There are 2 protein chains.
Amino acid sequence: MKPGPDFPAFQPLYRQIKGLITQSLMSGEWRPGEPIPSEIELAGRYSVSQGTVRKAVSELAEERVLVRQQGRGTFVASHAEERSQFPFLRITPDDAELKELTAELLDLKRVRDAASARLLGLNAGSSVFLLTRILRLNDTPVCYEEVRLPPPRLKGLTAAVVRQHECMLYSMYETRFGMRVLHAEERLKAVGAPREVSALLQVPAGTPMLQIERIAFSYRHEPAELRHCLCDTRLHHYRNSITG
Amino acid sequence: MKPGPDFPAFQPLYRQIKGLITQSLMSGEWRPGEPIPSEIELAGRYSVSQGTVRKAVSELAEERVLVRQQGRGTFVASHAEERSQFPFLRITPDDAELKELTAELLDLKRVRDAASARLLGLNAGSSVFLLTRILRLNDTPVCYEEVRLPPPRLKGLTAAVVRQHECMLYSMYETRFGMRVLHAEERLKAVGAPREVSALLQVPAGTPMLQIERIAFSYRHEPAELRHCLCDTRLHHYRNSITG
DNA sequence: AAGTGGTCTAGACCACTCT
DNA sequence: GAGTGGTCTAGACCACTTG
């Protein structure tokens with residue numbers, strides 16, 4: 001098929017194909033961890049050349065939505081299959097290697113919180129899930145986290161379900177609720193440890209802590225999660241890599 | 001020319017071309033802001049097809065080493081020409097827009113510092129430049145910075161030179177010393193404000209501050225700069241974007 | 001051996017910029 | 001109009017994985 005006006009927007013053909021592939025991912029036609037059809041099949045399905053499909057798939061692979069494996073095929077990226085079960089965690093010990101990471105669930109409840117609801121794309125009056133937990137790195141408690149989630153996307157979420165997944169939230173969202181997190185925006189600040197948190201993490205009250213506020217997004221920039229985190233950075237740090 | 005053994009390493013042809021282009025960039029054959037030869041010219045020069053050159057250039061464009069402009073050509077990326085003169089600055093006011101950014105040079109001297117020298121790829125006994133300054137965002141002092149630099153790459157650096165460039169360091173490295181910064185790695189922590197810094201930034205001693213340690217790299221991962229920064233995050237934050 | 005993605009080529013046409 | 005990068009196609013061969 002030649003590029004033509006028979007697609008919704010004025011876009012290069014390969015971007016339109018990219019959009020169609022993304023739609024199939026959102027609809028659950030191809031689920032995380034599964035292979036998508038081969039490039040030749042997709043070329044036939046959309047009536048374009050293999051090269052055009054290749055360019056669409058390449059962009060999605062670059063964005064880590066898909067993962068290519070030579071000789072095997074192209075797969076839907078999944079947090080469940082990756083080595084790091086905490087793909088967005090940027091905190092690391094200063095001098096040691098991060099060997100073991102565990103999470104202790106403190107609480108899971110529903111609360112009304114207009115600001116959070118709005119950020120999650122819900123009506124201001126809607127309730128949201130509020131999950132609190134502590135992260136331990138190599139058996140040391142380092143982070144206190146509050147996670148806010150949109151109930152419509154996580155029907156049937158309970159503390160038992162969270163524990164089943166050993167607190168690997170992003171993997172749980174995906175395999176249990178079909179919500180794949182792709183991208184997050186963070187705001188970092190230094191703040192003094194509040195009394196409640198200082199007790200939980202065995203840190204003197206007022207100690208400087210790293211505060212991380214995160215909003216995470218799924219396909220098409222749909223908000224998926226809010227996270228508020230306080231980290232003890234006396235022996236740990238947040239690593240980042242910047243490209244000018 | 002078909003892919004053959006007449007290139008140094010076993011690599012796809014387009015990556016070898018990418019290496020040759022990078023060499024020309026490092027040698028200064030094409031300088032920041034200047035156009036590189038057209039794809040067709042490069043294809044002739046290296047005796048490969050335009051498509052292969054295109055793939056090499058595309059990777060470099062993605063890494064922001066080159067910038068393509070349809071109809072005009074492909075240019076060497078430059079900090080001097082970009083809007084933001086502070087390309088690696090991640091600090092922003094919480095509620096306002098960042099309108100004005102100024103830097104006040106405090107000092108520039110040479111010091112002996114074995115650890116810094118080693119990180120900068122020098123002999124442990126070599127001296128390094130130590131530049132200190134204060135950053136003001138919208139006229140508020142927010143960051144105290146210590147910058148360590150390798151003298152061999154910055155011959156003739158003086159306080160007057162820094163002031164000439166209005167403290168836009170990355171732009172100065174490039175236009176004055178031919179050292180283009182491409183990439184940086186950072187470590188963030190929360191620490192209490194030391195007395196010297198608290199006075200400079202008008203912050204009570206001990207206030208939680210964001211500490212940023214950065215090492216910046218030029219072409220081929222050559223170390224270019226060390227930076228140690230302390231930021232007052234009471235009304236400002238560090239923004240980051242993560243792709244899982 | 002068959003099927004997958006990875007590389008490379010050649011050629012066509014388009015959109016944009018400059019003169 | 002000439003020259004640039006941007007898109008699309010078609011076909012060839014390679015490297016890798018699986019049966």
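Remember, it's a predicted structure, so these values are computed and weren't measured experimentally. We name chains A, B, ... by the order of the sequence lines, and we start the count at 1 in each one.
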* Could you give the angle between the helix axes at the two ends of the helix from C:dA1-D:dT18 to C:dC18-D:dG1, with five pairs per end, rounded to 10 degrees? ->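 End-to-end axis angle: 10°.
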* Residues within residues 24-43 of chain A bordering DNA chain C, heavy-atom distance below 4.0 Å ->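 By residue number: A:Ser38, A:Glu39.
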Interatomic distance, [X] [atom1] vs [N] [atom2] [rounded to whole Å]:
X       : N      : atom1 : atom2 : result
B:Arg15 : C:dG6  : CZ    : C1'   : 11 Å
B:Gln16 : C:dG6  : CD    : P     : 18 Å
B:Gln50 : D:dT7  : CD    : C1'   : 12 Å
A:Tyr14 : D:dC8  : OH    : C1'   : 11 Å
A:Tyr46 : D:dT9  : OH    : C1'   : 19 Å
B:Glu59 : C:dG6  : CD    : P     : 12 Å
B:Arg54 : C:dC13 : CZ    : C1'   : 13 Å
B:Gln11 : D:dC14 : CD    : C1'   : 16 Å

* Chi angles and distances behind the salt bridge (Lys or Arg N to Asp or Glu O under 4.0 Å) call for A:Arg187, A:Glu213 -> CA-CA 5 Å; A:Arg187 287 178 164 222; A:Glu213 287 178 340; 5.6 Å; no
* With the side chain counted from C-beta on, respond yes when A:Leu120 and A:Ile215 share a heavy-atom pair under 4.5 Å apart, and no when they do not. =>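 When only atoms from C-beta onward are counted, A:Ile215 and A:Leu120 do not touch, as no gap falls below 4.5 Å.
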* Asked: Are OP1 or OP2 of C:dC8 and a side-chain N or O of B:Lys55 less than 4.0 angstrom apart?
  ->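 No, no such contact exists.
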* Salt bridge A:Glu146-A:Arg148, side-chain N to carboxylate O under 4.0 Å ->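 Yes, charged N to carboxylate O under 4.0 Å.
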* To do: Using a strict cut-off of less than 4.0 Å between a Lys/Arg side-chain nitrogen and an Asp/Glu carboxylate oxygen, indicate whether B:Glu104 and B:Arg136 qualify as a salt bridge.
  =>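 So B:Glu104 pairs with B:Arg136 through a salt bridge.
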* **Whether over 12 other heavy atoms sit under 6.0 Å from B:Arg45 CZ** =>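 Check passes, neighbour count above 12.
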* Can you establish whether the number of heavy atoms outside B:Glu100 located under 6.0 Å from its atom CD is more than 12? =>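 Correct, the count exceeds 12.
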* **All side chain to side chain donor-acceptor pair (under 3.5 Å) counterparts of B:Arg153, not counting sequence neighbours** =>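 By the side chain to side chain donor-acceptor pair (under 3.5 Å) rule, B:Arg153 matches B:Glu222.
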Throw together a table of side-chain donor-acceptor distances under 3.5 angstrom for residues 65-73 of chain B, partners on residues two or more places apart or in other chains.
| from | atom 1 | to | atom 2 | distance (Å) |
| --- | --- | --- | --- | --- |
| B:Arg68 | NH1 | B:Ser58 | OG | 2.7 |
| B:Arg68 | NH2 | B:Glu39 | OE2 | 2.2 |

* To do: For the side chain of A:Thr52, starting at C-beta, report the closest nucleotide among D:dT7, C:dT7, D:dT9.
  =>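 From the listed options, D:dT9 comes nearest.
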* With A:Pro35 via side chain to side chain contact (heavy atoms under 4.5 Å, CB included) - residues at least two apart ->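 Checked A:Pro35 against side chain to side chain contact (heavy atoms under 4.5 Å, CB included); matches are A:Phe75.
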* **Ring geometry between B:Tyr170 and B:Tyr173 (parallel below 30°, tilted from 30 to 60°, perpendicular above 60°)** =>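 The arrangement is perpendicular - the two ring planes meet at more than 60°.
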* For the residue pair A:His79 and A:Phe88, does the interplanar ring angle fall in the parallel (under 30°), tilted (30 to 60°) or perpendicular (over 60°) class? ->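 The rings of A:His79 and A:Phe88 stand perpendicular, inter-plane angle above 60°.
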* So which of residues 68-75 of chain A are in contact with DNA chain D, with a heavy-atom cut-off of under 4.0 Å? ->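 When residues 68-75 of chain A is checked for heavy atoms under 4.0 Å from DNA chain D, the hits, listed by number, are A:Gln70, A:Gly71, A:Arg72.
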